[in-house]
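These numbers were taken from a predicted model, which means no experiment stands behind them. A note on names: the letters A, B, ... follow the listed sequences, proteins ahead of strands, and every chain is numbered from 1. All values below were derived from every heavy atom in this structure, side-chain atoms included, with hydrogens, water molecules and symmetry-related copies excluded.
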2 protein chains.
Amino acid sequence: MDHITIKTLAKKLGISTSTISRAFNGSTDINKDTRDRILDYAKKHNFLPNHYASNLRDKKSKTLAVIVPEIVNDFFAQAINGIEEVARKKGFYILLYRTDDVFEKEVSFVNYLNNGKADGIIMSVSGEANDHNYMRALAQKNIPVVFFDRVYEDIDVSKVTTNDYEASFEATEHLIHTGCKRIAYLVVNKSISIGKVRMQGYVDALEKHGIAFDDDLVIDCSQDEKINYSIIKQVLEDIKPDGIFSSVERLAFATLSVCNDMNIAIPNDLKIVSFSSLQIAPLLNPPLSTVTQPAYEMGIKAATLLFDALEKKGQVVPRKHIVLKSKLFIRKSSGG
Amino acid sequence: MDHITIKTLAKKLGISTSTISRAFNGSTDINKDTRDRILDYAKKHNFLPNHYASNLRDKKSKTLAVIVPEIVNDFFAQAINGIEEVARKKGFYILLYRTDDVFEKEVSFVNYLNNGKADGIIMSVSGEANDHNYMRALAQKNIPVVFFDRVYEDIDVSKVTTNDYEASFEATEHLIHTGCKRIAYLVVNKSISIGKVRMQGYVDALEKHGIAFDDDLVIDCSQDEKINYSIIKQVLEDIKPDGIFSSVERLAFATLSVCNDMNIAIPNDLKIVSFSSLQIAPLLNPPLSTVTQPAYEMGIKAATLLFDALEKKGQVVPRKHIVLKSKLFIRKSSGG
DNA sequence: ACATTTGACACAATCGATTGAAGTAATCTT
DNA sequence: AAGATTACTTCAATCGATTGTGTCAAATGT
């Protein structure tokens, strides 16, 4: 047979399309024998009701859009695992989109999602402080959104974040306790939400311990690996910090590379702590002290919040903001 | 306005739905002014033609299903990047599914895809040597499939793999050149395709250099991290190999952990080479020698093959098997 | 024995967009 | 000026499944 539809199936079995449909959708309004006969035949011929036809009727896609800046990153990969875990239990699937931290890509994909391709969206935003009205359009369409980790403060949706301020404070304080006097703060974009909050923790920890804040020690890096390498190299040569607090895993890697090449001894000459959810951080040279976010749990929570909204569709669902705790793992890179 | 459709839009603008549709689909058969008027209005009101309605008509979903064993793994994450790159250029999106190497999950998802949710499938299979007839059903539905890295030999689809045999041979030979006499082979499931081929390279390299193959040195591990840790610990304690060739990145990490804990000096007491696409392999302690697969390029190729098939739909497209080259990076873990 | 409920299924409208064919007005031919 | 083009635009069937309403017979109630 070329192409089976519910209609051809109905003809074949001598029953109506409605009965077939009900067989697939577990209606009670159908005889068990009839249902079995239908399902058996369908299985044998490998038939499933067309997804797009069902969707058109029901306006449910059973699909979640997940938008992240990058995939080659244990934090996001683990978060996606968490999201998928929950989605799978609900019979949902994941439409994945990577923004590369490019604002325009984010906008373009979010706008695309207006067509109903996904029932809900979970995203970690690119973070640009631009006009976020494209996000508001989703609310009009009743497509719930949950932000995780990187959020837009001005958009009223549910959020899952970590205690970035406290964790940064603790990490910085830890470096101070190990004797660091000149701690550099590495950040990719100090103006976006997450960079700002983490920096505040750093700044306040310095102040608490009577260390003057030095703007030269705030190192604003880029998305480009090579540029970062040379920025950091220059910093280590010229500014000579004795501690590094990196708000982003990637910058810690770059720092390790530079130190390798310049023969800077960690932790003796330089101590490092970085935000990172890298599972093999203990295997690095030296083992990297990390502020580790509960990535997987964040994914779970984010998905759970989204389904909360999805299942109460139509009703006004109060936004929630869940804050999970990061954990500081002190390893050799900071003298641990 | 509650809900905009092409119909309500038509009424609003005083034109027919067909004209609207043509405005969106870049038909030449429409006046430029009319089109602009439509598109402007649509943009202002944030309207896009419903995805499911279009799909139902066209039987095109502009979606690619990507099935991988895991996501927290630089190899797969990079491959997904490559796939997404190509897909994006074609205006396609990615439906992501993770099997955790569980055969049943793979079967269940592949069967689900029979409903037309995706136009094509790119997958790295779980590898179980079971009945693969569920794959054949896709062919009937004209849904093209491309395997990458891990393939089923008995399924006739396009494939993208690497020169696993040669790379394994070279890696093993390298260990022999550094003086290893007792090289263990770490594998997760030695009966699946990829484990077998890589092992053959290992075996033949041993033979070429007159080293007797010892079955005790083939270490069949599991999916569970803790179990692997104890298996490997036992091996290092009892069998005392002087070299490790790991066919899977994860097992190399486990080995490094064990060595750390047991104070086994690498590369002096034990040399290691592993298949791995980890970008920070040079930053490990010690820097890990790797057989690195061109993950990103594999994703690109796989997606390209899929689009080849997609664009010639209906016609018989000859299967292709592209073999890319892995590269051996000799680092300190093997004395480099 | 007659009324009522229930079970099992069929009918047909509907979801929102696409598209071949047909229609209409304006422009061009000769 | 009649016919032929050209350039838009509309009409209406169609994609495949879902579901409220309706039907009919059997089961149950009194």
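Distance CD1 (Ile15(A)) to C1' (dC11(C)): 15 Å, rounded to an integer number of Å. Summarising the geometry, the separation between CG on Leu56(B) and C1' on dT19(C) is reported as 14 Å, rounded to the nearest angstrom. Atom P of nucleotide dA12(C) and atom CZ of Arg57(A) are separated by 16 Å, given to the nearest angstrom. As rounded to whole Å, 16 Å separates atom C1' of dG16(D) from atom NZ of Lys117(B). As rounded to whole Å, 11 Å separates atom P of dT10(D) from atom CG of Leu13(B). Per the geometry, CG belonging to Asn50(B) stands 13 Å off C1' belonging to dC15(D), to the nearest Å. Between the C1' atom of dC15(D) and the CG atom of Asn115(B) lies a distance of 15 Å, rounded to the nearest Å. Spacing between atom CD1 of Ile20(B) and atom C1' of dC8(D) amounts to 14 Å, rounded to whole angstrom units.
You'll find a donor-acceptor pair under 3.5 Å spanning the side chain of Ser18(A) and the base of dC11(C), going by distance alone.
Atom NZ of Lys301(A) has 12 or fewer heavy atoms from other residues, nucleotides or ligands within 6.0 Å.
Remark: the Glu106(A) side chain and the Thr99(A) side chain contain no N/O donor-acceptor pair separated by less than 3.5 Å. Asn50(A) and Asn115(B) form no side-chain donor-acceptor contact under 3.5 Å, judged by distance and modelled atom types alone. Side chains of His321(B) and Thr161(B): a donor-acceptor N/O pair is present below 3.5 angstrom, by distance only. Side chains of Glu70(A) and Asn73(A): a donor on one and an acceptor on the other come within 3.5 Å.
Listed pair Thr19(B) / dT10(D) meets the phosphate criterion, a side-chain N or O lying under 4.0 Å from OP1 or OP2. Dashed line: the shortest gap from a side-chain N or O of His3(B) to OP1 or OP2 of dG16(C) is under 4.0 Å. For dC8(D), neither phosphate oxygen OP1 nor OP2 lies less than 4.0 angstrom from any side-chain nitrogen or oxygen of Lys32(B).
Cation-pi check for Arg88(A) over Tyr93(A) is not met; the charged atom does not lie both under 6.0 angstrom from the ring centroid and within 45 degrees of its normal. For Lys90(B) and Phe307(B), the positive end sits near the middle of the six-membered ring, less than 6.0 Å away and at most 45° from its axis.
When distances run from any side-chain atom of Arg22(B) to the nucleotides dA17(D), dG16(D), dT9(D), the shortest one goes to dT9(D). With distances taken from any side-chain atom of Ser21(A) to the nucleotides dG16(C), dT18(D), dT9(D), the minimum falls on dT18(D). For Asn25(B), whose side chain is taken as the heavy atoms from C-beta onward, the closest listed nucleotide among dT10(D), dG16(C), dT18(C) is dT18(C). With dC15(D), dT18(D), dT18(C) as the choices, the nucleotide that has an atom nearest any side-chain atom of Pro49(A) turns out to be dT18(D). The side chain of Asp58(A) lies closest to dT18(D), out of dT18(D), dC15(D), dT10(D). Looking at the side chain of Ile30(B), the nearest of the listed nucleotides dT9(D), dC15(C), dA10(C) is dT9(D).
Comparing Thr17(A) and Thr17(B) by the nucleotide of DNA chain C that holds the closest heavy atom to each, the one mapping nearer the 5' end is Thr17(A). Residues Ala53(B) and Asn31(B) each lie close to DNA chain D; by heavy-atom proximity, the contact nearer the 5' end of the strand is made by Asn31(B). Toward the 5' end of DNA chain D, the nearer of the two residues Lys7(A) and Asp29(A), judged by each one's closest nucleotide, is Lys7(A).
Comparing the local axis fitted to the first five base pairs of the helix from dA1(C)-dT30(D) to dT30(C)-dA1(D) with the one fitted to its last five gives a bend of 30°, rounded to 10°.
Using a 4.0 Å heavy-atom criterion, one finds that Thr5(B) contacts the sugar-phosphate atoms exclusively. Ser54(A) comes within contact range of the sugar-phosphate backbone alone, with a heavy-atom separation under 4.0 Å but no base atom that close.
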**Message:** For a ring pair (Phe, Tyr, Trp, His ring centres under 6.0 Å) check, start with the C-alpha distance between Tyr134(A) and Phe103(A), then their side-chain angles and the critical distance, and finish with the verdict.
**Reply:** CA-CA 11 Å; Tyr134(A) 60 100; Phe103(A) 182 68; 5.7 Å; yes

